[in-house]
Structure formats: structure tokens, C-alpha cells
Amino acid sequence: MKKKLAKILKDTLDLCFREGYLRRMPIREFVIEIPNNPDHGHFATNLAMALAGGQKGSPWDVAEIIIRHLVDHDHFVLKAEIGGAGFINFTISKGQWYNLLAQVINLRDDYGRSSLGKKEKMMVEFVSANPTGPLHLGHGRGAALGDTLCRILDFSGYDVRREFYINDIGQQVKILGESIYSRWRQFSDPSYPFPSDGYQGDYIQELATEIAKEKKLEGLDPHEAIDLLSELGKDKILREIEEDLADFRVHFDLWYKESDLYSSGKMDHARELIEKRGLLFEEGGALWVRTSSFGDDKDRVIRKKDGQFTYFASDISYHFDKWKRGFNRVINIWGADHHGYITRVKAALAAEGIPGDWLEVLLIQLVKLWEGGAEVKMSKRAARYITLKELVDDVGVDAVRFVFLSKDHTSPLDFDIDLVKRRDSENPVYYVQYAHARVCSLFRKAGKENIHLPEHPGPVLQRLVLDEEIALIRKIAEFPSLIEEIACDLGPHRLTYYLTELASSFHSYYNRHRIVTDDKTLSQARLLLSLGVKIIIRNGLNLLGVNAPEAM
RNA sequence: GCGCCCGUAGCUCAGUUGGAUAGAGCGCCGGGCUUCGAACCCGUAGGUCGCAGGUUCAAAUCCUGCCGGGCGCGCCA
């Protein structure tokens, strides 16, 4: 709808320039928006105000010229008025809205799907949690965001891959092994020391018990045992991470192992590339990359003097590999505490001539948990924290995903367990789902009354004459452009707000007017409108990874 | 000290990328089921958009400077 109006305005401008009604000038950006005041029509544009600077008259004069010469062969616009400081308010003819609703019903699950992305290859790397412990809430937030972005990007015509990067080697995996080993020893000797930087948490004991049952650890010397425990412990944790994510409706196309970068020679290759550019140097026994030449505030070490490569080294190699695999765009979702890393990685990419906007990093802020009116303090060191699995088991996937996705990822999230646990009206999630279930219920009711949808909705839809009904269709019509906008600005929280608004409008309408009545065609028309609402809610929730139940 | 993010109703947050009288949920107060599901609806109250300048027809939104909060500035992972 918006696009159609934009075309009309553009044609009108062309005409006005050609015929000299308006002084020819570059068209400044103008906006077509949906006014919140119903007196301002269905759409409004600031076009006249944007042009006024280069024209003779005031915005009002310009607006009048535009309205007088509107190129509208199909009588799309019913009414065009000037308001405020020079806005042009458009009221669209009812027939156009009926057509739109008919189109929604026709397209069903595909309504809102677009080819915006033109099959462009994209990758979203997210979660990428270390395989040293269970997923916490921050990971969950990242998982929900990453997965939903992928769903939306896919729906918008991008060719999207989901990837999980596994830090499966190095210091932290070794510490995992040492932690398990120590716990195992403590079973028989409680005084056996626990590493100072070891992983707290009961899951370490559980792993020790489990592995001790499967493998004979007694004969091994400590080094061998620790290596074995590192390997087995890591694999078990990884399997659990994968399961927890699957339960959270998140699946990855590829689990990329850091160790593969070493075994495949990609680490060496990346180093050679940097060396060829003359950006590698040795100092103090360590190997450095001159990232300061590319916007970083200092140079960075990729190999320590003890010979170990740093995380940064494999990150460079990994991102070079992403580039080489031919992705047009790459999105990383990181915890906010990693933001210092962004310039570093981008500097390394810039050194290879990779453009700065190729990689986009989204930072996830913390999740705070509230219960009984107080914050649940979490501490990783003391292993006092609620895992994603625990939360999901407690309140359900739908609620967790919806709440995680309902806030912009740049601001910290307060998660009120009490609120979300309640399966009643206080719960923000059920509000939207209820609207969907309610429509389903209406159709069950209509079926009993032997009222069915007509073959061709066109004629019946003319029974929709109320302002509220047109307003609902207009709300429905926003869906495709909203999805496109989200695909561009990567802010899916707006979808949760939109769905809540749509549900609210529908609940309100439902309470004021009967859908199924003795008047058959009116009932059919209102059922068609309800169906339109249902389709949008279903498609929207689907993109959020939340169920749309037929009954609750 | 430097860099990034944030500051909007009592609380938690939106605000269509610069637009018209700044919105929603929760909480408070008061109403609404004999008819399609009350997991719902309707109404009332609640604001110096952190502060001060600047940019322009127009600023919660953009620029500058303060104030307040979070995070980051390792040859840690």
C-alpha cells in the first residue's frame, strides 16, 4: 500500500516538474508514514515540506499543487487533505483495502515473504559458547536473537547460514579437564586441591561421576587423565548445549571447530597473508599484527612468547575463512563484554582489504533475573546462576523467546520470572497467542452454525464498513514493510510490539462487535477479517519461533 | 584517563530512522460475562523525554559540553 502511494507521489512529481507546476529540483528524502491520529487519514507524507525549501510558495502551496495534479488513474486515493505544517493526509478508498485483505488470505503463510535479499549469501554466527559449562541466560538471549534474525532474513529472500563457533582447544578446555580430574580425585581424597581458576558448579562432579563409569581412570597418569577428561568432558557438554538449543528451537547449519583451523592449515595461511602485507612483526619474543594501521588503538599479539596462539589469532583465521567461503555479509552476535574486540577484528579484516561493513557485530546486553520482587544475583565464579535449560523448563520456550525478543538487544533485559510463569492475563506472551486461539475458536463456532467462507471473498468484503475494520486491515497491511525494515535494521523486537498491537486491536474489535451473527454475509466478511488477523499473528509468531496455538 | 552503550510515566520498556496532542505493559483506582473463549474489554490518574546550549519550518530523535549508570581498554580465555 505504502509502495503504491509512493509511486503515485513520484509520478505526480515527475508530472509537476515536466509541466512546470513546480520548480525542478532534486527530490529530498520524504517519508510516508502512518499517522496515529485517525483524523489524519490512512497515510501521511511530509513531501510538500521537504520540497518547500526549493519552491516559491509555502509548504501549503506546494501541497495544494501536488494534490491538484495527483496521478491516480485507479482511484487509489479517496481523499487528500492538507494538515498541520504542510502534511498531506491521504485516505485510501475502501475497495483497495478489501483487495489487500483478499490478497493476505490468498497468500496465507507467504504473506510478508519478499525477495528483498536477492538470494544474497549471509551468515549469522551466534551463541558460540565455550564448551566448558551449560548455557546461561545471556547465551539464550543471543540464541533467540540470532535464530529469529535468520528466520526473518530467510523470509526476506536472503540465503542465510547459522553457524556456531566452538573454542574446542586451548587453555579453557584444559582447565575443564583439570577441574573434572580434581573432582574425581576428591571422591576418594577430599583434600585433593582444586585448581584456583577451575570451573565451579555441580555439573563438574556429575561429569566426573559419569566419565569414571565409562572409562577406567585409575591406571592413567595425571596428564593422560586430564587430556582424556578434557576431551570427553568437552564433548559431553557440547552435546548438552546442542540439545538445549534444539529444545529452544535453535538449530545450526554448521558447528565450526577452532581446532579445524589448526589441522587444516588455515591458521598458517592467515598468518602468511598478513606477513605478505608486511604487517607481521616480532617483539619481545611474541608475534604481533600491526592492527594500529587500521584503526585499532594498538598492535595485537597473535602468538605469545610461550609459543601459544591467542584467541585473536584464530579469530582472524576464522573470519578470513568466512570471507573466502563467499558470504556477502556476515553478522556476529557477541556478549556486550566483547565490544573491545570489534575494532581489533575489523582492523585485521581491513588489512586484507575486506570492507568494514561486511562484518556487523551485534552486542547483547545482560539479562537480569527477577523473582519475588528482587534481583536474582548471579555469579559465574561461584557457579550461582540459572541456566537457560532451567529457565525454559520452568516457564516454557514460548515465553522465554518472546520476552528475550521483546526488548532491543542494546539495552539490558530484566526478566521477571513471576510475571512470565503465570499462565494468565498478566503474561505478555499469552496475549498474542490468545488472539490467535480466539480466531480459531470463532471458526469452530461458525462451523457449528454452518457458516463457511465464500469461494470468492470479493463481494462479501464490502460488508466491512466500520472504521475499526478498515483500521484493522491497515494494521495487517503494515506487516510486510515491517518485516523488510527489520531485515535491514536487525531489530526484531519491533515485531513483538507490532503483534501485541494487532492482537490488542483485534481483542477490542471482538469485544465491541459480534463476528458470527444471523446475517450470513456480514458474518463471512468478519470471519475473513479475523482470518487475516490470524494469518499475520501466525506468520509473525513463526518468525519469532513462538507457537501459535489453535486452542489454549 | 580513553573508547562503546544507555538515561522517556512509580516499575519494565516502545517511539515507524527529523514530523502533527510523546505511547504500551505492569502497578493504582473505577466499571463490564444469560449471546462467538473474561487468558478479554472500557474508563480515570500518572511526563521539565538526565541538564544546558546549537542545527531548522519542525528535535525524545542529529551536533557540542556537562551530570549519572553499565561495559571494555592483557603476551587472559
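Since this is a predicted model, take the numbers as computed values, not measurements. Computation of the quantities below employed the complete heavy-atom set of this structure, encompassing side-chain atoms and omitting hydrogens, waters and symmetry-equivalent molecules. Every chain is numbered from 1, with letters handed out A, B, ... down the list of sequences.
Base orientation of U16(B): anti (glycosidic angle beyond 90° from 0). Taking syn as a glycosidic angle within 90° of 0, C33(B) qualifies as syn.
At the heavy-atom level, A44(A) lies under 4.0 Å from base atoms of the strands shown. Base contact: H513(A) has a heavy atom under 4.0 Å from a base atom. Base engagement by A286(A) is indicated by at least one non-hydrogen atom pair under 4.0 Å involving a base atom. Within 4.0 Å of D315(A), counting heavy atoms only, lies no atom of the nucleic acid at all. Residue N167(A) is classed as having no contact, given no heavy-atom separation below 4.0 Å to the nucleic acid. Looking at heavy-atom distances under 4.0 Å, P412(A) makes contact with sugar-phosphate atoms alone, never a base. Residue contacts shown for R514(A) include a base, since a base heavy atom lies under 4.0 Å away. Within the 4.0 angstrom heavy-atom criterion, no nucleotide atom of any strand lies near A435(A).
By the 4.5 Å heavy-atom criterion applied to side chains, V173(A) and N130(A) are not counted as neighbours. Under the 4.5 Å side-chain criterion, counting only non-hydrogen atoms from C-beta, L363(A) is not in contact with T410(A).
In the model, D61(A) has a side-chain atom that pairs as donor or acceptor with a side-chain atom of S58(A) under 3.5 Å. Of the N and O atoms on the side chains of H339(A) and D337(A), not one donor lies less than 3.5 Å from an acceptor on the other residue. The closest side-chain donor-acceptor pair between T521(A) and R463(A) falls under 3.5 angstrom. When only modelled atom types and interatomic distance are considered, R438(A) and S530(A) share no side-chain donor-acceptor pair under 3.5 Å.
Under the Watson-Crick or G-U wobble criterion, with both distances below 3.5 Å, U35(B) is left unpaired in every strand shown. In this structure A24(B) sits in a base pair with U12(B), meeting the Watson-Crick or G-U test at under 3.5 Å. Both distances falling under 3.5 Å, in either a Watson-Crick or a G-U wobble arrangement, place C62(B) opposite G54(B). Across all strands shown, G3(B) forms a Watson-Crick or G-U wobble pair, both distances under 3.5 Å, with C71(B). In this structure, G30(B) and C42(B) make a Watson-Crick or G-U wobble pair, each of the two defining distances being under 3.5 angstrom.
G68(B) and G1(B) have their P atoms separated by 11 Å, given to the nearest Å. Comparing the P positions of A39(B) and C33(B) gives a spacing of 15 Å, expressed to the nearest Å. For U34(B) and G50(B), the P atoms lie 47 Å apart once the distance is rounded to whole Å. Separating the P atom of G18(B) from that of C6(B) is a span of 15 Å, rounded to the nearest Å. Distance noted for atom C1' between A9(B) and G46(B): 6 Å (whole Å). Separation of the P atoms belonging to C75(B) and C11(B) is 43 Å when rounded to the nearest angstrom.
Of the options V460(A), I105(A), L528(A), a side-chain contact (heavy atoms from CB on, under 4.5 Å) to L453(A) is made by L528(A) and by none of the others.
Judged by ring centres under 5.5 Å apart and planes tilted less than 30 degrees, Y497(A) fails to stack against the six-membered base ring of A24(B). Under the stacking definition used here (centres under 5.5 Å, planes under 30°), the residue H338(A) fails to qualify as stacked on the base of G72(B).
At a non-hydrogen distance threshold of 4.0 Å, I515(A), V516(A) from residues 515-536 of chain A come into contact with RNA chain B. Within a heavy-atom distance below 4.0 Å of RNA chain B, the residues of residues 500-510 of chain A found are H507(A), S508(A), Y510(A). Residues from residues 293-312 of chain A that place a heavy atom under 4.0 Å from any atom of RNA chain B, listed by number: K298(A), V301(A), K304(A), K305(A), Y311(A).
Judged by atom type and distance alone, N46(A) does not reach the base of A20(B) through any side-chain donor-acceptor pair under 3.5 Å.
Minimum interatomic distance between H436(A) and P549(A) (heavy atoms only, all atoms of both residues): ND1-O, 2.9 Å. The two atoms that bring L137(A) and F404(A) nearest to each other are O-CZ, 3.8 Å, heavy atoms only.
Distances shorter than 4.0 Å separate none of the side-chain N or O atoms of R344(A) from OP1 or OP2 on C73(B). Listed pair H493(A) / G15(B) meets the phosphate criterion, a side-chain N or O lying under 4.0 Å from OP1 or OP2. Within the 4.0 Å cut-off from OP1 or OP2 of A14(B), at least one side-chain nitrogen or oxygen of S411(A) is found.
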- [ ] Evaluate the salt bridge (charged side-chain N to carboxylate O under 4.0 Å, His left out) criterion for residues R526(A) and E469(A): first the C-alpha distance (whole Å), next the side-chain angles of each, then the deciding distance (0.1 Å), finally the verdict.
- [x] CA-CA 8 Å; R526(A) 291 184 170 173; E469(A) 292 168 332; 3.1 Å; yes
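Here the CZ-OH distance, from F309(A) to Y262(A), works out to 6.0 Å after rounding to the nearest 0.5 Å.
E484(A) and K3(A) are joined by a salt bridge, as a carboxylate oxygen and a charged side-chain nitrogen come within less than 4.0 angstrom of each other.
When the shell of 6.0 Å around CZ of R494(A) is examined, it contains more than 12 heavy atoms from other residues, nucleotides or ligands. For D489(A), the CG atom sits in a packed shell: over 12 heavy atoms of surrounding residues, nucleotides or ligands are nearer than 6.0 Å.
Taking every side-chain heavy atom of L442(A) into account, C36(B) is the closest of C36(B), A38(B), C75(B).
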